2 protein chains.
Amino acid sequence: MATATNHFPAAWLKSAGLGETIACELRLAIVNGSIPHGEKLSENRIAADFGTSRSPVREALKTLSNEGLIRLERMGAIVLGMGAREIQELYDVRYTIESFVQERMAERDTGALIRLLEQIIDKMELAAKHRDIVEFSYRDFSFHEAIIAEAKHNRMMQLWKSIRQLVMTVMLLTTEEVFAQGESKVAAVIGKHRTIVAALRSNDSAQIQQGVREYFADSYVTLRNSLPED
Amino acid sequence: MATATNHFPAAWLKSAGLGETIACELRLAIVNGSIPHGEKLSENRIAADFGTSRSPVREALKTLSNEGLIRLERMGAIVLGMGAREIQELYDVRYTIESFVQERMAERDTGALIRLLEQIIDKMELAAKHRDIVEFSYRDFSFHEAIIAEAKHNRMMQLWKSIRQLVMTVMLLTTEEVFAQGESKVAAVIGKHRTIVAALRSNDSAQIQQGVREYFADSYVTLRNSLPED
DNA sequence: ATCGGTATACTTGTCGACAACTCTAAAGTA
DNA sequence: TACTTTAGAGTTGTCGACAAGTATACCGAT
């Protein structure tokens, strides 16, 4: 990646505690490769870097461990990072969750959801016009979260929450790549979201499944081209 | 449930820190209903109850929050608990994960896995003979975890880890119920595991999927009968 | 009696300190 | 030189304390 985002968007940290802030900053650094795979992290060092005590750092490391970005060992935490395989796996999981969720939405009133999604797409277009990467990726994220939330399945929502922040971060970097590839690429991304909405509007289970499958398969090949091959 | 387990098996806490221990004890209390839905938990109170400082309690509450058993609010944590719906949802997720995993196992060498699973089933039978509920449920748990681990899909494994302990606890209580229903019921549970292995041995994707689907559908109806209806 | 304001007790987030443990590297011995 | 032992620096887990913020109960006024 040419110019990777160096700091987590401050707007997204609006009402976040110290622990969450540190987690977001570290997460971004790990995902974009600033902190390389295999690095050994120490609570003391991170606390010193951020100018806090170890308590919030501890919380952050636990969070990152739950997200699978680091592995907590007896001494220090080892950075696992996100290579091509890990990104692929994340897409696998996202697909699995959305597939499950949309399956359950086939025989339900999706009117309100569809209106919300269209609204979000409008905001994506606006963000695209202004070349606002942060805003665009946030709306993209909201789009998928809105779909998942609509299923009203607490346990599945919990799974989503466990990867929510990670997905958000990956999307931020991905969107950067998409924007770098030019306007037509951005338009294509928006188009894919429209396709999802269209499938959803059909209310046909098979068509919805097909739509979701294509979306993720397509998203991944798009991304694959802009990944460091390791 | 007639006689619910009151304490988390000490053997399962062998190398667990204080935080994890507290999390396990609270988890069990929430799942078996000792701590009712809606209860408000305070870090200070729990710390006093367990005779520790707030640090491990804090860690435990965060864990339980990640598992969706409680909701952290500005003041206190509210217990959400596991009613019939939550159990059903947990089974949904378990089915989704195992379905994904086994799908990927169709075209793979499952020889070693099958041998391991058969070994586990043997231990289940032994535990059944000795009426050892703790051992039995642990083997049952290991059975499913072994299958999931075999897929070697880190991200999916991470999802599993996020519900691992909860599943373990629910299984412990469920197994208690199964044993209470008599020897034939226990034998039936073992039989269902054999069916899974048989399906796996067939190496046929459709048959495996069918096997997994039946397993979870069946497991849930078994359980439903022994749940407080709320 | 009801409503508004204040005091109070309780809550969380963060901090610095300490003991117990682990890895490392240097020093001593064969 | 190769190996064991030992001293040291660094690490985590846990603790108690404090500030900042919040719900609650009490008290006064209308």
Side-chain angles (χ1 to χ4, degrees), chain A residues 8 10 12-27 29-30 35-81 161 165, chain B residues 8 10-27 29-30 35-81 161 164-165:
Chain A
F8 200 78
W12 296 0
L13 292 172
K14 201 176 170 183
S15 68
L18 263 182
E20 208 171 336
T21 303
I22 295 175
C24 287
E25 217 67 60
L26 285 179
R27 187 185 299 113
I30 293 175
I35 304 180
H37 172 98
E39 185 95 352
K40 204 163 65 178
L41 302 178
S42 128
E43 293 181 1
N44 279 316
R45 225 173 75 91
I46 299 174
D49 288 348
F50 284 91
T52 70
S53 84
R54 272 177 47 221
S55 305
V57 174
R58 219 178 149 62
E59 186 187 332
L61 289 187
K62 188 133 204 271
T63 300
L64 297 183
S65 164
N66 284 336
E67 290 176 5
L69 285 177
I70 65 177
R71 191 181 54 229
L72 263 44
E73 298 201 333
R74 274 174 294 191
M75 247 177 105
I78 276 108
V79 173
L80 301 178
K161 279 186 193 158
Q165 303 270 70
Chain B
F8 200 76
W12 297 1
L13 293 172
K14 200 176 173 183
S15 68
L18 262 183
E20 207 171 336
T21 304
I22 294 175
C24 287
E25 217 68 60
L26 285 180
R27 188 185 298 113
I30 292 175
I35 304 180
H37 172 98
E39 186 95 351
K40 204 163 63 178
L41 302 179
S42 129
E43 293 181 1
N44 279 316
R45 258 254 348 241
I46 299 174
D49 288 349
F50 283 91
T52 71
S53 84
R54 272 175 50 219
S55 305
V57 174
R58 220 177 148 62
E59 187 188 331
L61 289 187
K62 188 135 202 276
T63 300
L64 297 183
S65 163
N66 285 335
E67 290 175 6
L69 285 178
I70 65 178
R71 192 181 54 227
L72 261 45
E73 299 200 334
R74 274 174 292 195
M75 246 176 107
I78 276 111
V79 174
L80 300 177
K161 279 186 194 158
R164 205 187 104 102
Q165 302 271 72

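Just so you know, these numbers come straight off a predicted model, no measurement behind them. Chain letters run A, B, ... following the sequence lines, proteins first and then strands; every chain starts at 1.
For the OP1/OP2 pair of dT11(D) and a distance below 4.0 Å, the side-chain nitrogens and oxygens of S42(A) include at least one atom meeting the criterion.
The CG-C1' distance, from L18(B) to dA19(C), rounds to 14 Å in whole Å. Going from atom CZ of R74(A) over to atom C1' of dC23(C) covers 10 Å, rounded to whole Å. To the nearest angstrom, P of dC21(C) lies 14 Å from CE of M75(A). Rounded to a whole Å, the CG atom of L41(A) is 11 Å from the P atom of dT11(D). Atom CD1 in I46(B) sits about 16 Å away from atom P in dC10(C), given to the nearest Å. One atom, CG of L61(B), and another, C1' of dG13(C), lie 14 Å apart when rounded to the nearest Å. Following rounding to the nearest Å, E43(B) (CD) and dG13(C) (P) show an atom-to-atom distance of 6 Å. Rounded to a whole Å, the NZ atom of K62(A) is 15 Å from the P atom of dT12(D).
Residue R54(A) has its side chain nearest to dT12(D) when only dT12(C), dC15(C), dT12(D) are considered. Each of dT14(C), dG13(D), dC15(D) was ranked by its minimum atom distance to the side chain of R58(A); first place goes to dG13(D).
A pairwise comparison of heavy atoms in L13(A) and C24(A) identifies CD2-SG, 3.7 Å as the closest pair.
In this structure, CD1 in I22(B) is found 8.0 Å from CD1 in I46(B), a value given to the nearest 0.5 Å. A distance of 9.0 Å separates CG in L18(B) from CD in E59(B), rounded to the nearest 0.5 Å.
Within the nucleic acid shown, S55(B) comes within 4.0 Å of at least one base atom, counting heavy atoms only.
Checking K62(B), R164(B), Q165(B), R27(B) one by one against E67(B), the side-chain hydrogen bond (donor to acceptor under 3.5 Å, both in side chains) holds for a single residue, R27(B).
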